[in-house]
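Here the structure comes first, spelled out in structure tokens, and everything after it is commentary.
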Amino acid sequence: MPEGHTVHRLARTLETLFAGRPLAVTSPQGRFAHGAALLDGSVLVRAEAWGKQLFCGFASSGDDDVARWLRVHLGLYGAWTFAGTGDDVVHAIGAPRRRIGERDSVPAGVAADAPGAWEPPAPRGAVRVRLLADSAVADLTGPTACEVLTGAEKADVEARLGPDPIRPDGGRGDLAAARDAFVARVRRSRVTVGQQLMDQAVVAGVGNIYRAEALFRARLDPLRPGRDVPAAVLAAIWDDLVDLMRDGAATGRIVTTRPEDRGAGTGPAPGAGRRRTRQNTDDDTGAVPADEAFYVYHRDGLGCRVCGTPVAVADLAGRNLFWCPACQS
DNA sequence: TGACCATGTAGAG
DNA sequence: TCTACCTGGTCAA
């Protein structure tokens, strides 16, 4: 269940593991058999992300020009899991998944991932796509979208996306232009700013967590019409998203709370943990405990970390919206 | 065992 | 605004 930071991380991981060599591409589940056949044996040239869209560029063997793009959108449930030799291949990215081949118990005398004897583990679950190289394998399950595109078709997809705070140029040439585009787009409409932040044509890569947290950090009422939000407030939200989401892409975790707002007094109250946010964490660095990472997301009924008012939740366009009615009014 | 849930999107009406 | 769809983890019965 990824937001944009997860997809950027995925692109990096896929490049690290697979770029520059021919891959065996299969569809163990069968639902992507045709697309897999188109890509099988070609070379992954690069992988990139724009918002929540992942693009993997493939070239014919011995060629550097991308001939076909694999477009993947994980949706709510999609995930990649990885296995192989080497230090890079220890995690799953996306919805919570056990690693490929992970077992409840390892047979005695069998060393996991023993160098020199690596065999790809059997696909686990409904694997739409498997990418296999000499020493690494990646399995994709549950994507909302998985298709092979031409360069022109990829451009069409990108043309419908708003600026992406994680891309170095924001997807608009430079970050200042990207910020301007975001501000102008939000102020063009009377649709609530809470809804617009989830619109991938307004800003690409923001999901329910970054929406709730960015609005709280700006102390902005999610139900305020976009056209009524001052440009300076929107510009500050963009800048904040750049910081938060790039940090998320670097660490694999979303942490939005400032140190002074964590810990005793405002922290987990009754009911905390009844609904854990199953954030993908690679291997946890132990930096910020999961129940202190957010201001409002999944904290409905708990006291606001800043003012103590119970955090509210409501349905907005079919998604749960979390906010502090006192701080954000 | 089965209902419910989730960081999402697309298409119909 | 609604429904369908993709999957698997969690929890109640």
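Quick note on labels: first sequence line is chain A, next is B, and so on, each numbered from 1. Note that these values count all heavy atoms, side chains included, but never hydrogens, waters or copies made by symmetry.
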Next item on the list: Considering just the side-chain nitrogens and oxygens of A/Tyr297, establish if one lies under 4.0 Å of OP1 or OP2 belonging to B/dT7.
Entry: yes
Check: A/Arg319 has an atom CZ; how far is it from atom P of C/dC2, in whole Å?
Finding: 16 Å
Notebook entry, point to check: Where the side chain of A/Ile209 is concerned, which of B/dT7, C/dT7, B/dT9 is the nearest nucleotide?
Noted result: B/dT7
Checklist line | Separation of B/dA6 P from A/Leu74 CG (nearest whole Å) | finding: 18 Å
Notebook entry, point to check: Of the nucleotides B/dT7, C/dG8, C/dC6, which one has an atom closest to the side chain of A/Thr141?
Noted result: C/dG8
Item checked: Presence of A/Lys52 side-chain N/O under 4.0 Å of B/dT9 phosphate oxygens OP1/OP2 -> yes
Check: Tell me: CG of A/Leu76 to P of B/dA10, nearest whole Å?
Finding: 13 Å
Note to self: I'd like the C1' distance from B/dT1 over to C/dC6, given in whole Å.
What the structure shows: 22 Å
Item checked: Near-strand residues of residues 240-250 of chain A, defined as heavy-atom separation under 4.0 angstrom from DNA chain B -> none
Next item on the list: Grab the CG-P distance between A/Asn208 and B/dC5 for me, whole Å please.
Entry: 15 Å
Item checked: Pairs where residues 19-46 of chain A contributes a residue and the test salt bridge (Lys or Arg N to Asp or Glu O under 4.0 Å) is met, not counting sequence neighbours -> A/Arg46-A/Glu48
Notebook entry, point to check: Which whole number of Å gives the distance between the C1' atom of B/dA10 and that of C/dG8?
Noted result: 22 Å
Note to self: Rounding to an integer number of Å, can you tell me how far A/His5 NE2 sits from B/dT7 C1'?
What the structure shows: 8 Å
Next item on the list: For the pair A/Asp261 and A/Arg305, find out whether any cationic side-chain nitrogen is under 4.0 Å from an anionic carboxylate oxygen.
Entry: no
Next item on the list: Using a 4.0 Å heavy-atom cut-off across all strands, classify A/Arg31 as base, sugar-phosphate, or nothing.
Entry: sugar-phosphate
Notebook entry, point to check: NE2 of A/His73 versus P of C/dC5: gap in Å, rounded?
Noted result: 19 Å
Check: Which of the following nucleotides, B/dG8, C/dT7, B/dA6, is nearest to the side chain of A/Ala126?
Finding: C/dT7
Check: Which part of the nucleic acid, if any, lies within contact of A/Gln53, taking any heavy atom under 4.0 Å across all strands shown: a base, the sugar-phosphate backbone alone, or nothing?
Finding: nothing
Margin query: Looking at A/Glu158 and A/Lys154, is any side-chain nitrogen of the basic one under 4.0 Å from a carboxylate oxygen of the acidic one?
Written below: yes
Next item on the list: Return the residues of residues 191-205 of chain A meeting this criterion: a heavy atom under 4.0 Å from some atom of DNA chain B. Order them by number, or give none.
Entry: A/Met198, A/Gln200
Please table the atom pairs, donor to acceptor, closer than 3.5 Å between any side-chain atom in residues 202-212 of chain A and protein atoms at least two apart or in another chain.
{"residue": "A/Asn208", "atom": "OD1", "partner": "A/Arg211", "partner atom": "NE", "Å": "3.3"}
{"residue": "A/Asn208", "atom": "OD1", "partner": "A/Arg211", "partner atom": "NH2", "Å": "2.7"}
{"residue": "A/Asn208", "atom": "ND2", "partner": "A/Asn320", "partner atom": "O", "Å": "2.9"}
{"residue": "A/Arg211", "atom": "NH1", "partner": "A/Gly194", "partner atom": "O", "Å": "3.0"}
{"residue": "A/Arg211", "atom": "NH2", "partner": "A/Asn320", "partner atom": "O", "Å": "3.2"}

Checklist line | Pairwise P distance for B/dC5 and C/dA13, with rounding to whole Å | finding: 14 Å
Margin query: Tell me every residue that passes ring-ring contact (aromatic ring centres under 6.0 Å, His included) with A/Phe216, counting only those two or more places apart in sequence or in another chain.
Written below: A/Tyr295
Next item on the list: Round to a whole Å and report the spacing from CG of A/Leu140 to C1' of C/dT7.
Entry: 11 Å
Check: Checking A/Ser329 side chain against A/Ala326 main chain: does a donor-acceptor pair fall under 3.5 Å?
Finding: yes
Notebook entry, point to check: Should A/Leu161 and A/Val72 be regarded as members of a common hydrophobic cluster, given that ILVMFWY residues are connected when their side-chain heavy atoms come within less than 4.5 Å of each other, either directly or indirectly?
Noted result: no
Checklist line | Sugar-phosphate, base or nothing in reach of A/Gly318, heavy atoms under 4.0 Å | finding: nothing
Next item on the list: Would you kindly give the CG-to-C1' distance between A/Leu54 and B/dG8, to the nearest whole Å?
Entry: 15 Å
Checklist line | Test side chain to side chain contact (heavy atoms under 4.5 Å, CB included) applied to A/Leu74 and A/Lys52, step by step | finding: CA-CA 8 Å; A/Leu74 293 177; A/Lys52 300 167 190 173; over 6 Å; no
Notebook entry, point to check: Applying the side-chain contact (heavy atoms from CB on, under 4.5 Å) test to A/Val25, which of A/Leu38, A/Leu39, A/Leu44 qualifies?
Noted result: A/Leu39
Item checked: Those residues that, when tested against A/Phe32, pass ring-ring contact (aromatic ring centres under 6.0 Å, His included) (two or more places apart) -> none
